[in-house]
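Reviewing the structure listed below.
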Amino acid sequence: MAADKALSWSYTEEFMPESEPARAARARAAEFGIAPVSVGTGALLRLMAAASGAHSVAEIGTGTGVSGVWLLEGMVDDGILTSIDIEAEYQRAARESFVMAGVKPARTRLIAGRALDVLPRLADAAYDLVLVDGDPQEAGAAVEQAWRMLRPGGILVVSDALAGGRVADPARRDELTVAVRELGKEVRSRDDGLAALIPTGDGVLVAVKRQQ
Ligand SMILES: C[S@@+](CC[C@H](N)C(=O)[O-])C[C@H]1O[C@@H](n2cnc3c(N)ncnc32)[C@H](O)[C@@H]1O
């Protein structure tokens, strides 16, 4: 990548300052060794939550709450974030992040469990935005569920959509890279959606479910 492009990239990532609670959640993520959304991705999530007037958001992959804090900052004041993670310990840390952010406990519904077990229990067409940021091996199945859960006009967001740069390289044919590449193509070809791939963070795939 040209030097000025790399510079623009890092400038973009740091363009919006991160709130203290999100920074603290990011520090906890580092302690646990998990990779939260980047600052640029967080700013994008907040913007999409605000632009869609999100009341109801679902997230796969709570982690320590970095993406959750950004989403809650953009949602309406009484909006509810439903967030799923297989690790209850991470969710305890996320809960602390939400308290630090001044979020009332009733605004977060944290569900500990495997995403593909939990998602089928969540309602159809009930969510304004769904973020898929859990196990990359399960992203395809999670996206199917997420699409069902979105209301018309709702927004799907998939993180790590460029898989550390591997998706853009046609020579990379390992199973996970191929699956992420195929998922992007599948989402972009949906008749009932409009998609865009944004090179923020590790790639953010976004699609809006068309109003019928
Ligand atoms: C990339 S991290 C999420 C980071 C979080 N969204 C943030 O920005 O702070 C991925 C999370 O998915 C969780 N996870 C992994 N496999 C899962 C599964 N099968 N079901 C639910 N959660 C899973 C991990 O425990 C981890 O917390």
Side-chain angles (χ1 to χ4, degrees), residues 13-14 16 18-49 54 57-75 80-101 103 107-122 127 129-146 149 155-167 175-176 179-180 183 198 200-206:
E13 277 296 333
E14 304 300 329
M16 290 305 296
E18 189 164 56
S19 66
E20 186 50 40
R23 271 211 304 273
R26 189 175 297 285
R28 295 298 304 276
E31 285 167 25
F32 285 116
I34 54 178
V37 295
S38 72
V39 175
T41 304
L44 199 55
L45 288 172
R46 182 176 64 180
L47 179 135
M48 288 188 283
V57 171
E59 169 185 62
I60 298 145
T62 316
T64 56
V66 178
S67 49
V69 169
W70 279 102
L71 284 164
L72 285 157
E73 284 175 6
M75 292 166 66
I80 294 181
L81 172 71
T82 299
S83 188
I84 305 163
D85 204 292
I86 204 162
E87 297 288 346
E89 194 185 4
Y90 298 169
Q91 289 192 321
R92 275 194 291 279
R95 203 177 292 284
E96 288 167 17
S97 306
F98 300 148
V99 168
M100 190 178 177
V103 173
R107 290 193 57 203
T108 57
R109 179 166 66 134
L110 302 186
I111 305 174
R114 185 172 165 262
L116 298 185
D117 294 336
V118 176
L119 288 168
R121 304 204 300 263
L122 302 185
Y127 294 86
L129 188 154
V130 180
L131 168 64
V132 177
D133 189 27
D135 180 354
Q137 313 268 4
E138 294 183 347
V143 162
E144 276 310 306
Q145 290 292 326
M149 289 158 54
I155 304 171
L156 167 75
V157 186
V158 183
S159 69
D160 296 331
L162 290 170
R166 299 192 302 279
V167 164
E175 200 178 326
L176 185 58
V180 176
L183 177 60
I198 301 165
T200 297
D202 221 354
V204 182
L205 177 66
V206 186

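This structure is a prediction, so every number in the text was calculated from the model and none was measured. Each ligand, and each atom within it, is numbered from 1 in the order the structure gives. Index from 1, following the sequence.
Scanning the protein heavy atoms around atom 23 (C) of ligand 1, the nearest turns out to be Ile86 CG2, 3.7 Å. From the protein, the heavy atom lying nearest to atom 8 (O) of ligand 1 is Val37 N, 3.0 Å. Considering only non-hydrogen protein atoms, atom 9 (O) of ligand 1 sits nearest to Val66 N, 3.1 Å. Among protein heavy atoms, the minimum distance from atom 10 (C) of ligand 1 is reached at Asp133 O, 3.2 Å. Among all non-hydrogen protein atoms, the one lying nearest atom 16 (N) of ligand 1 is Asp135 CB, 3.4 Å. Of all protein heavy atoms, the one lying nearest to atom 19 (N) of ligand 1 is Glu138 OE1, 3.1 Å. Closest protein heavy atom to atom 24 (C) of ligand 1: Asp85 OD1, 3.5 Å. The nearest heavy-atom contact from the protein to atom 7 (C) of ligand 1 is Ser67 OG, 3.3 Å.
Ligand 1 places these atoms under 4.0 Å from at least one heavy atom of Tyr90: 25 (O), 27 (O). Using a 4.0 Å cut-off to heavy atoms of Gly63, the atoms of ligand 1 that qualify are 27 (O). Close contacts between ligand 1 and Glu87 involve ligand atoms 25 (O) [criterion: under 4.0 Å to a heavy atom]. Atoms of ligand 1 lying under 4.0 Å from any heavy atom of Arg114, numbered from 1 in the order shown and given with element: 19 (N), 20 (N). For ligand 1 and Gly113, the ligand atoms under 4.0 Å from any heavy atom of the residue are 20 (N), 21 (C).
Residue Thr62 touches ligand 1 through its backbone alone, judged by heavy-atom distances below 4.0 Å. The backbone of Ala35, and not its side chain, has at least one atom closer than 4.0 Å to an atom of ligand 1 (non-hydrogen atoms only; backbone = N, CA, C, O).
Inclusion of Ile34 in the set of residues having an N or O under 3.5 Å from an N or O of ligand 1 is not warranted. Between Gly61 and ligand 1, at least one pair of N/O atoms sits closer than 3.5 Å. Looking at ligand 1, you won't find any N or O of Gly134 less than 3.5 Å from one of its N or O atoms.
In this structure, CH2 on Trp70 lies 5.5 Å from CD on Glu18, to the nearest 0.5 angstrom. In this structure, OG1 in Thr41 is found 9.0 Å from CG in Asp133, a value given to the nearest 0.5 Å. How far OG of Ser67 is from CZ of Arg46: 13.5 Å, rounded to the nearest 0.5 Å. Atom CG of residue Leu116 and atom CD of residue Gln145 lie 7.5 Å apart, to the nearest 0.5 angstrom. The CG atom of Leu183 sits 9.0 Å away from the CD atom of Glu144 when rounded to the nearest 0.5 Å.
Taking 4.5 Å as the limit, some side-chain heavy atom of Arg109 sits within range of a side-chain heavy atom of Leu122. With a 4.5 Å cut-off on side-chain heavy atoms, Arg107 and Leu81 do not count as touching.
The main-chain N or O of Gly63 is never found under 3.5 Å from a side-chain atom of Glu87 such that the two would form a donor-acceptor pair.
Comment: Glu89 does not engage Arg92 in a salt bridge, judged by the lack of any side-chain N to carboxylate O separation of less than 4.0 angstrom.
Among residues two or more places apart in sequence or in another chain, the salt bridge (charged side-chain N to carboxylate O under 4.0 Å, His left out) test is passed with Arg95 by none.
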Leu72/Thr108 under side chain to side chain contact (heavy atoms under 4.5 Å, CB included): CA gap, chis, key distance, verdict: CA-CA 9 Å; Leu72 285 157; Thr108 57; 4.0 Å; yes
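For the side chain to side chain contact (heavy atoms under 4.5 Å, CB included) criterion with Pro136, the lone passing option out of Asp160, Leu176, Val158 is Leu176.
Using a 4.0 angstrom heavy-atom cutoff, Ser159 does not count as in contact with ligand 1.
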